[in-house]
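First the structure, in the form of structure tokens, and then the observations on it.
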Amino acid sequence: MAQKISGMSANTQIMRKPLVLLAADDANQRKLIWTVLSEFGFRIVSADDGKSAFDLFVKTQPDAVLVDIQSADPSGFDVCESIRKLESGRETPIFMITERDDEDSVERAYRIGATDIIFRPISLPVLPHRIRYALKTARSLSDLTGLIRAIPDLIFVVNEDGEVQNGLSGPDATHTLQLKALSTASQIHFYPCENDDGALACIRKALETGKPQVYEHVIEALDIHLETRFVTRDKNTVLAIVRDITERKSAEEKIYNLAYYDELTELPNREFFSQSLERTIGIAKRDGEKFAVLFVDLDRFKRINDTLGHTIGDELLKDVAHRLAKCTRSTDSVAHLDPAASGNIKLARLGGDEFVIKLYGVDSEESVATVANRIIDSLTPPFTCAGHQFVVTPSIGIAIYPQDGKTGEELLMNADSAMYRAKNVGRNNFKFYSETMRTKSLHRLDLENLIRTAIDEEQFEVHFQPKVDAETFRLVGAEALLRWHHPTRGAVAPGDFVPIAEETGLIVPIGRYVLREACRQVKVWSTSPVGAVPVSVNISSHQFRDGGLVKDVHEAVVDAAIDTRFLELEITESVLLQDVEKTLVELKILKEAGVALSIDDFGTGYSSLSYLKRFPIDTIKIDRSFVKDLHQDADDAAICAAILAMSHQLGLNVVAEGVETREQLEFLRSHNCQHIQGYICSPALSAADFMALLVKIAGSAA
Ligand code: C2E
Ligand code: MG
Ligand code: MG
């Protein structure tokens, strides 16, 4: 018969007081125990037979059980066994009361799951302490079990051969392994340490050193990444704590990709390329090899992006990346494989429309040029994006290790500046950094002094190119062209130093020198049998801006004591566009003084017909670029014909520059071009040679 629960006065107190189920047939014994335990603050439910004891356990879920082995119907053993079979009774402390000498009972009691044995006669003062201690231990154990269940790791014990001894964590672990359908046992089976050399090595190392070992591996079939910690448990076994790190791995991969790859084209990015470049430098240095860095920039990409939108711009970049990738794959015959295995990046996108290519083991500039040409060719066929067709041309700058840079940063920077140079000289081509260095180094040295010395030391010379009548080849004039022969650098072309002289303002003293020299020569020629020949001098827009041009011209003419009729100034269209009013005033003064004016390189600048009427122009010089392809290019022929027709209408004289062939000459003649200048007749000659020519002409005329 079940008895009432004692001490139910205050609910809150009940909550905190542990409940003990006491099952004993002997009423006296029950009473004694009851009294002692109540005094110690336990609540008690008691049963006088095995059946009611089990029922009370189910009903009240006590914190501890005290059962006399001698309980009958069923026996105390049966009660203990039944409780242990319950999910809720697995860990409840069960004390069994028995006789001191009954060894069989003791053994049986422990076997069926008793927590502890209490011998008769019961030591009543100790009993409450033993129960309390057991409760404490049970609570710690249940906390620990709960904790192990809650953590997502799969925990089991393996021996030194990697064989699983038992599993510690429950079925919750399946959740993290994304294998809900599998039981713990089959997971252990599916993680076969014993067949995995890497895992085995870690287990043995953990056993040897006593230090935890971490082992990562992938189950390819399931695409699961696992991280296992092997922690020594005793001499022969280790705990294997397995964690599913699939999510972490994919996050890491994403971060890695973001850090090292360009999302749009999926090519390595600047960071990755820079790192690979440093590795390649290390290897090239060791092996004494060369390699090239090609900086590729798309011409006018920004315009496509701005006018058609980023979506189309992005598509285009992807297509370009694709073509470049194809192109660099096939370069192996030219440059052998980069031996830096992990640094074997050949192509990367630096950002925007900038790509970069690395060619390892280049033996000559020619082989790099071959690749550069192949890149240009590969981008030549038009691109089609969203129904639009585009022509995209690249400008490529090339720097070669080690001559053009010792560090990755330097190589990239120099390839970049070579690329700008390629753009400046007309896009869709490539330039080597070493080539651009020549003009750069002129910059670096004190150019001002260099040019001043050049004037003082007479390194400059003025040469003269004859201008002749297109029909008769009769000499009608000469163009003064500056020549610079530097003692160590050799001949420096005007195209290389004139722009720099303009940048630094040094064109003003140089221009003054040319003017004086040209006028002086006119004076010399005037004493020749042919007589004075008109000379034309190129005037830079900077000489106009300087403000001293009129004075310089005046002095040159006066000092040489020549007639201004023999002097012509060649100016470009850009001069007429700058500070129009001031320029007009100066040109008018010169014109009134008798100096002739011609427009050089006509058709290449921002031509405006109105200034031809407004400014006091005498002559137009058709630019060499139109003359060059006259007989092949219908457009160029049309432009020349139009310039000639228009000039006749306006009463202007025309000189065609750079005439080299008979066909060009015939065309110009048929369109009534009066004068020509070019190699068909003569290149620019030194003053002495020009004088000799004059003498020869006079001789043949005589
Ligand atoms: P430019 O005034 O148009 O001079 C004509 C250029 O064409 C010269 O080059 C001349 O040598 C070249 N040329 C003449 N006939 C032919 C031909 O049949 N075929 C080819 N391929 N070329 C031909 P150069 O002397 O190298 O001068 C280049 C430019 O440098 C000149 O172009 C001019 O803009 C500038 N320059 C030269 N001398 C002076 C100068 O004293 N002062 C200034 N400010 N600029 C100068
Ligand atoms: Mg000229
Ligand atoms: Mg010209």
Side-chain angles (χ1 to χ4, degrees), residues 425 439 451 454-455 459-468 470 473 477-485 490-521 534-546 548-549 552-553 556 567-575 596-605 617-631 653-665 668 673 675-687 689-690:
V425 300
T439 45
I451 290 176
I455 298 171
Q459 288 165 14
F460 283 123
E461 234 181 73
V462 179
H463 283 205
F464 299 90
Q465 185 173 33
K467 270 188 262 182
V468 300
F473 267 42
E479 178 177 3
L481 291 163
L482 192 59
R483 294 290 175 261
W484 183 9
H485 192 91
V492 188
D496 282 340
F497 72 84
V498 167
I500 296 163
E502 285 179 333
E503 266 172 44
T504 53
L506 282 161
I507 194 68
V508 175
I510 296 174
R512 197 179 295 135
Y513 161 78
V514 178
L515 265 173
R516 298 183 72 79
E517 193 54 25
C519 293
R520 207 173 60 77
Q521 283 303 322
V535 69
S536 62
V537 175
N538 292 285
I539 302 293
S540 156
S541 59
H542 292 73
Q543 288 168 270
F544 273 90
R545 256 179 258 157
D546 174 65
L549 183 68
D552 287 348
V553 170
L567 182 63
E568 182 180 54
L569 302 184
E570 293 193 7
I571 56 177
T572 55
E573 291 156 288
S574 61
V575 170
L597 296 171
S598 75
I599 306 279
D600 202 357
D601 305 339
F602 188 81
T604 58
I617 309 294
D618 304 281
T619 305
I620 278 177
K621 295 188 80 175
I622 304 177
D623 191 64
R624 205 170 72 219
S625 60
F626 301 117
V627 176
K628 194 168 152 252
D629 296 326
L630 258 187
H631 48 292
N653 183 30
V654 181
V655 180
E657 292 184 322
V659 183
E660 294 182 359
T661 67
R662 208 72 225 167
E663 288 107 309
Q664 292 164 347
L665 180 68
L668 293 163
C673 177
H675 299 150
I676 61 153
Q677 184 184 338
Y679 296 164
I680 193 168
C681 165
S682 166
L685 304 170
S686 66
D689 288 347
F690 195 84

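All values derive from a computational prediction rather than experimental measurement. Each ligand, and each atom within it, is numbered from 1 in the order the structure gives.
- Put simply, the side chain of Q543 gets close to the backbone of S540: a donor and an acceptor are under 3.5 Å apart.
- No hydrogens or angles considered: nothing links the side chains of S536 and K621 as a donor-acceptor pair under 3.5 Å.
- Within the 4.0 Å heavy-atom criterion, neither part of K621 lies near ligand 1.
- Applying the 4.0 Å criterion to heavy atoms of G678 picks out, from ligand 1, the atoms 15 (N), 18 (O).
- At least one N, O or S atom of E479 sits under 2.8 Å from the Mg ion (ligand 2).
- Annotation: the span from L665 atom CG to C673 atom SG amounts to 9.0 Å, rounded to 0.5 Å.
- The Mg ion (ligand 2) has an N, O or S atom of D600 closer than 2.8 Å.
- Residue D601 places at least one N or O, backbone or side chain, under 3.5 Å from an N or O of ligand 1.
- Per-residue contacts place S540 under 4.0 angstrom from the following atoms of ligand 1 (heavy atoms of the residue considered): 44 (N).
- Taking distance alone, with nitrogen or oxygen atoms compared against 3.5 Å, Q677 stays at or beyond that limit from ligand 1.
- Side chain of Q465 to backbone of S682: a donor-acceptor contact under 3.5 angstrom is found.
- Numbered from 1 in the order shown, with element, the atoms of ligand 1 that lie under 4.0 Å from a heavy atom of E657 read 3 (O).
- Checking S536 against the Mg ion (ligand 2), every N/O/S atom stays at or beyond the 2.8 Å cut-off.
- The shortest non-hydrogen separation linking V462 to A480 is CG1-CB, 3.6 Å.
- Summarising the geometry, atom CD belonging to E573 is positioned 9.0 Å from atom CG belonging to D623; distances are rounded to the nearest 0.5 Å.
- Of all heavy-atom pairs spanning F473 and I676, the tightest one is CE1-CD1, 4.0 Å.
- Contacts of D600 with ligand 1, taken as heavy-atom pairs under 4.0 Å, involve the side chain alone.
- Counting heavy atoms only, L482 comes closest to atom 38 (N) of ligand 1 of the residues V537, T661, L482.
- Proximity to E660 (heavy-atom distance under 4.0 Å) selects the following atoms of ligand 1: 17 (C), 18 (O), 19 (N), 20 (C), 21 (N).
- Considering backbone and side-chain atoms together, R483 places an N or O closer than 3.5 Å to an N or O of ligand 1.
- Assignment of E479 to the shell around ligand 1 is supported, since a heavy atom sits closer than 4.0 Å.
- Between F497 and W484, the angle of the ring planes goes over 60°, which puts this pair in the perpendicular group of the 30/60° scheme.
- Counting only N and O atoms by type, the side chains of E461 and H463 include a donor and acceptor under 3.5 Å apart.
- Among the heteroatoms counted here (N, O or S) of E570, OE1 is the one nearest to the Mg ion (ligand 2).
- No donor-acceptor pair closer than 3.5 Å links the side chain of E517 to the backbone N or O of Y513.
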